J.: 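Provided herewith is a single structure, encoded as structure tokens, for subsequent inquiry.
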Amino acid sequence: MAEPVRVLVTGAAGQIAYSLLYSIAKGDVFGKDQPIVLVLLDIAPMMPVLEGVVMELQDCALPLLREVIPTDKGEVAFKDLDAAILVGSMPRRDGMERKDLLKANVAIFKSQGEALEKYAKKTVKVLVVGNPANTNCLIAAKSAPSIPKENFSCLTRLDHNRACSQVAMRCGISAEFVKNVIIWGNHSSTQYPDVHHCKVNVQGKDVVCFDAVKDEAWLKGDFISTVQQRGAAVIKARKLSSAMSAAKAICDHMRDIWTGTQEGNFISMGVYSTGNSYGVPEDLIYSFPVTIKDKTWKIVDGLAINDFSRAKMDATAAELVEERDTAVSFLGV
Ligand SMILES: NC(=O)c1ccc[n+]([C@@H]2O[C@H](COP(=O)([O-])OP(=O)(O)OC[C@H]3O[C@@H](n4cnc5c(N)ncnc54)[C@H](O)[C@@H]3O)[C@@H](O)[C@H]2O)c1
Ligand SMILES: O=C(O)CC[C@H](O)C(=O)O
């Protein structure tokens with residue numbers, strides 16, 4: 001059997017982690033033959049809760065789980081990592097603005113970037129989940145200059161899955177028959193869920209999404225706003241931020257990094273924008289359509305962009321530029 005991979009989950013005593021850890025530990029992400037050492041970081045006051053999570057992981061009696069290391073110390077958490085899933089941070093509650101999170105959370109990602117720089121393997125794959133995810137990811141990457149920027153990505157797979165599911169429900173089919181939706185930009189309400197390149201498999205044949213759905217007004221209107229507002233709608237209903245669906249999306253994202261995307265399929269993730277061919281400003285973490293091979297992502301180039309899409313891609317880029325500039329001036333990075 002292979003050597004264990006060392007995987008860090010931060011915010012390990014929180015609600016996303018509670019859904020996530022079991023899936024990772026049973027092999028859904030790194031493979032059914034891949035042993036795992038799970039490192040669990042949370043803040044000192046949460047250590048008693050984290051002990052309970054560790055007990056439950058032990059009680060699952062999972063064959064791939066070689067060791068569980070709970071800690072509140074950066075030098076323990078970030079050492080020799082193969083993968084880091086950075087969840088730990090404050091979620092938005094009902095009534096809070098997303099911008100309220102920026103100041104509260106971005107400092108966490110500066111210090112965790114510095115810890116990655118100091119202790120992790122240079123090959124570590126870092127997935128940032130904590131909001132504002134794109135800007136936190138950019139700050140973490142900037143704070144770890146010796147780790148390639150390409151090793152950092154942020155989660156927009158939840159938005160991608162939401163978009164697939166909305167189209168599937170509209171067509172009365174399963175979400176597995178919807179492929180190549182795109183989430184452009186920020187994991188926020190300015191994100192642009194784009195179905196111009198999406199295909200829906202209807203009775204064994206790939207059909208363009210607009211022909212399968214047969215309702216252009218919905219695809220250019222309520223579909224977009226539903227996906228953009230879905231996180232807020234879950235918070236309003238649950239009084240808590242999405243967790244089960246976020247954990248599922250984290251697994252999809254990291255599994256695709258580890259094992260690659262299927263031929264002919266692309267997925268959405270927030271990646272470093274420098275050098276992109278879509279005219280998105282440089283030095284952002286912006287969600288693009290990507291394919292992944294050998295643990296390396298590549299932005300899907302050459303997709304036609306019409307004026308409708310261009311305006312929405314630019315609006316979400318403008319929000320990211322503003323978030324980055326606020327974070328940089330706040331942190332002085
Ligand atoms: N990108 C996405 O698609 C997406 C989706 C859902 C939630 N989120 C974000 O994920 C984050 C976590 O959500 P949750 O529902 O699990 O929140 P939660 O409050 O249930 O858990 C967060 C955990 O992080 C811990 N934490 C806080 N500061 C920390 C630090 N410096 N180091 C380590 N741990 C720390 C807390 O103690 C807590 O246990 C939030 O920012 C939320 O907005 C992102
Ligand atoms: O705070 C929000 O609006 C979104 C929370 C979370 O990122 C989600 O998408 O469910």
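This one's a predicted model, so the numbers in the text were calculated from it and none came from an experiment. Start at 1 with the first residue, then count along the sequence. Atoms within a ligand are numbered from 1 in the order they appear, just like the ligands themselves.
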J.: Backbone, side chain, both or neither: what part of Ile108 comes under 4.0 angstrom of ligand 1, heavy atoms only?
T.: side chain

J.: Only one of Ile69, Thr71, Leu21 passes side chain to side chain contact (heavy atoms under 4.5 Å, CB included) with Leu40; say which it is.
T.: Leu21

J.: Please could you name the atoms of ligand 1 that Ser241 approaches to less than 4.0 Å, counting only its heavy atoms?
T.: 6 (C), 7 (C)

J.: Would you say the side-chain atoms of Gln166 and Thr226 include a donor-acceptor pair closer than 3.5 Å?
T.: no

J.: Quick one: nearest non-hydrogen protein atom to atom 32 (N) of ligand 1, plus distance?
T.: Gln112 NE2, 3.4 Å

J.: Which protein N or O atoms sit under 3.5 Å from any N or O of ligand 2? Give atom names and distances.
T.:
from: ligand 2; atom 1: 1 (O); to: Arg92; atom 2: NE; distance (Å): 2.8
from: ligand 2; atom 1: 3 (O); to: Arg92; atom 2: NE; distance (Å): 3.1
from: ligand 2; atom 1: 3 (O); to: Arg92; atom 2: NH2; distance (Å): 2.8
from: ligand 2; atom 1: 7 (O); to: Asn131; atom 2: ND2; distance (Å): 2.8
from: ligand 2; atom 1: 7 (O); to: His187; atom 2: NE2; distance (Å): 2.6
from: ligand 2; atom 1: 9 (O); to: Arg162; atom 2: NH1; distance (Å): 3.0
from: ligand 2; atom 1: 9 (O); to: Arg162; atom 2: NH2; distance (Å): 3.4
from: ligand 2; atom 1: 9 (O); to: His187; atom 2: NE2; distance (Å): 3.2
from: ligand 2; atom 1: 10 (O); to: Arg162; atom 2: NH2; distance (Å): 2.8
from: ligand 2; atom 1: 10 (O); to: Ser242; atom 2: OG; distance (Å): 2.6

J.: Closest by any non-hydrogen atom to atom 27 (C) of ligand 1: pick that one out of Ala77, Ser89, Ala17.
T.: Ser89

J.: Any idea which of Ile16, Asp42, Leu20 brings a heavy atom closest to atom 37 (O) of ligand 1?
T.: Asp42

J.: Look at atom 1 (N) of ligand 1 and say which protein heavy atom is nearest, naming residue and atom and giving the distance to 0.1 Å.
T.: Val129 O, 3.2 Å

J.: For Phe78, which residues count as a ring-ring contact (aromatic ring centres under 6.0 Å, His included) partner, sequence neighbours excluded?
T.: none

J.: Suppose we measure from atom 43 (O) of ligand 1 to each protein heavy atom; which comes out shortest, and what is that distance?
T.: Asn131 ND2, 2.8 Å

J.: Judged on heavy-atom distance to atom 20 (O) of ligand 1, which of Arg162, Gln15, His160, Met47 sits nearest?
T.: Gln15

